[in-house]
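The sequence lines fix the lettering, A, B, ..., with proteins before strands; numbering per chain opens at 1.
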Amino acid sequence: MSDTPAASTSQDFIREMIATDVADQRNDGWVITRFPPEPNGYLHLGHAKSICLNFGLSEENGPRARCHLRFDDTNPTKEEIEYVDSIMEDVKWLGFDWGDHLFYASDYFEKLYGFAVSLIKKGLAYVDDQTHEQMRATRGTLTSPGTASPYRDRSVEENLDLFARMRAGEFKEGERVLRAKIDMASPNMNMRDPAIYRILHAHHHRTGDAWCIYPMYDYAHPLSDALESITHSLCTLEFEHHRPLYEWLIANVDGLPGQPYQREFARLNLTYTLMSKRKLLKLVKEGLVNGWDDPRMPTISGIRRRGYTPEAIRSFCKIIGLTKYPSLTELGLLEHSVREDLNKHAQRVYAVLRPIKVVLTNYPEGQVEHVELVNNPENEADGKRLVPLSRELYIDADDFMETPSAGFHRLVPGGEVRLKYAFCIICQEVIKDADGNITELRCTYDDATRHGAKPVGRPKVKGTIHWVSAAHALDVEVRLYDKLFTVEQPDEQAGEEGDFTQFLNQESLQIISAKIEPSVATAKPGSHFQFERVGYFFTDPKDSQLGKPVFNRTVQLKDGFVKK
RNA sequence: UACCUCGUGGUGUAAUGGUAACACAGGAGAUUUUGAUUCUCUCGUUCAAGGUUCGAGUCCUUGCGAGGUAACCA
């Protein structure tokens, strides 16, 4: 073990385990994983973690590796085509490709039925006539063993007959169930003769009315994995207790093409949000957010619409690692990932979110000049653009303080500030309305301070602010998004019975009208921008029109200014 | 008062019996026509107690703590 050369790139426990399997030529060195969502909701960041793991493993292990997309559609009462479509879109958007390997558990219904018959024949499964309540009562508790069903020792012939009649539709829902015969006294509840088939007179989105019995997850999953020759079945920690059942099925069903094994990792928990499909569904159903793709949602479609990039999500998934410790990741780490990506690629524009009018009293009336601005200081190839400048401008209310706090070095009465890439201005007069609200700042500009000029003997101006020309600025709708919840763990805080919606952040969406430079008139829906000194914004793909963009705030810029 | 899993800076992770490190966050500074970016520095860590060992975050024992598990959901 000591002579392995420095494969010094550190790996998580899953990758380490897989590397060992490959080295040992287990499955001839193949690595076949799968991402197996149930199409009962939209994918979220927790799924992104799993997608990056499973598809990532496929990318990392060369030609003898692949990742399947398999819909775990064994419960027709909860599943819809809408979800199937959105899931495929989300996986593709993240940049992964399942190629020809698209599967549905429902494709295996006939085979799975056959496996169940074979288990009955081996005396390893039986039809139980007990009611739901009786079964629950006889299963025992966490500290006491269960007791056998009176139907547990039915003959193989009788079981075969009853199971066939279940399939034929002779029974109502709940009347009978097929159970694996394992161990009613097992300390693992999942091994106390788990139900593997139940009757559901429901229409399935793919198989229609062909079936009225449906396999349970615990039964269908390992066998589906085996049928696809999956080598490594990776899932989250809550399935740890299902592993013995997974292994029991792989061991007791004959003729399986693959011998997969299951390993578990901790799911993603993020502060100030939720990662439970059921709870996200509640937010959607009760109209507390504007759909699954509301930019405040932790869904893939939500963060996409917010302006997150696939690169940022993939980088985030890499950085959070993979362990068995149920950790709580700070939202700041996700924001860091997207800032890092957008900083390199987003085009800069000037936008004034809360406008104050500035009149340059010594600037000729009616004159317009065009100032050259850098599109992206991180990438010279992105070039420059011309932005109009005239006598009347807007600056942001945040960039002016009548009575400045300590350390504030933007515009103040009698003070000087630089209009970025233009020139310096001095605030000569503050005009207010009858209620004392500031309506206008009357300023003078200094022609000697134009961009590039280096006047000597002049005190250095500390503040540099952005601006837009009042006559040329576009009025655009800007949606300022903030965290969805006011507490780090809305789930935890609310408790089992509590209502997590009480912690919804009432200020998570603020819609304002902003003044923005005219160049964005041609911005296509789905484009990323940095509003200089403000944050990253994304033209909403649904509501933007050419010439009339709607901006979603992806994330604010970091602000190093601390008020003292 | 069952079983399973897990405890490393504030947070997320690495160290595979051999100098406890990286990222984020925080602090200080430099650069900066974005209080951004970039760069430098800095802060701060092995749940506890025993044991094995020349040497333990790592192995063993016990304790403590956390998460999970009793659908005809996945």
On the side chain of [X], is there an atom forming a donor-acceptor pair with the base of [N] - under 3.5 Å, no angle test?
X	N	result
A:Q530	B:U34	yes
A:E238	B:U69	no
A:R348	B:U34	yes

Tell me what [X] touches on the nucleic acid: a base, only sugar-phosphate, or nothing, going by heavy atoms under 4.0 Å.
X	result
A:I320	sugar-phosphate
A:H221	nothing
A:K420	base
A:Y197	nothing
A:E79	nothing
A:P36	nothing
A:I319	sugar-phosphate
A:H466	nothing
A:E532	base

Compare the minimum distances between each of [options] and the side chain of [X], then state the nucleotide with the smallest one.
X	options	answer
A:R139	B:G35, B:U69, B:C72	B:C72
A:E240	B:U5, B:A74, B:A14	B:U5
A:T143	B:A2, B:U33, B:U37	B:A2

Syn/anti state for B:A71 [syn: chi within 90° of 0]: syn
Taking the same atom, [atom1], in [N] and in [M], what whole-Å distance lies between them?
N	M	atom1	answer
B:U11	B:C43	C1'	15 Å
B:A49	B:A56	P	14 Å
B:C4	B:G27	P	46 Å

Residue pair A:N190 / A:H241, side-chain donor-acceptor N/O under 3.5 Å: no
Complement of B:C43, any strand, by Watson-Crick or G-U distances under 3.5 angstrom: none
Counter-base of B:C59, judged by Watson-Crick or G-U geometry with both distances under 3.5 Å: B:G51
Residue met sooner reading RNA chain B from 5', once A:R533 and A:N190 are mapped to nucleotides: A:R533
From NE2 (A:H68) to CG (A:N54), nearest 0.5 Å: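 A:H68 atom NE2 to A:N54 atom CG measures 11.0 Å (nearest 0.5 Å).
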A:K344 atom NZ, neighbour heavy-atom count above 12 within 6.0 Å: yes
Spacing of A:K324 atom NZ relative to B:A66 atom P, expressed in whole Å: 20 Å
Nucleotide B:A36, atom P - distance to CZ of A:R418 in whole Å: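 It works out to 18 Å between those atoms.
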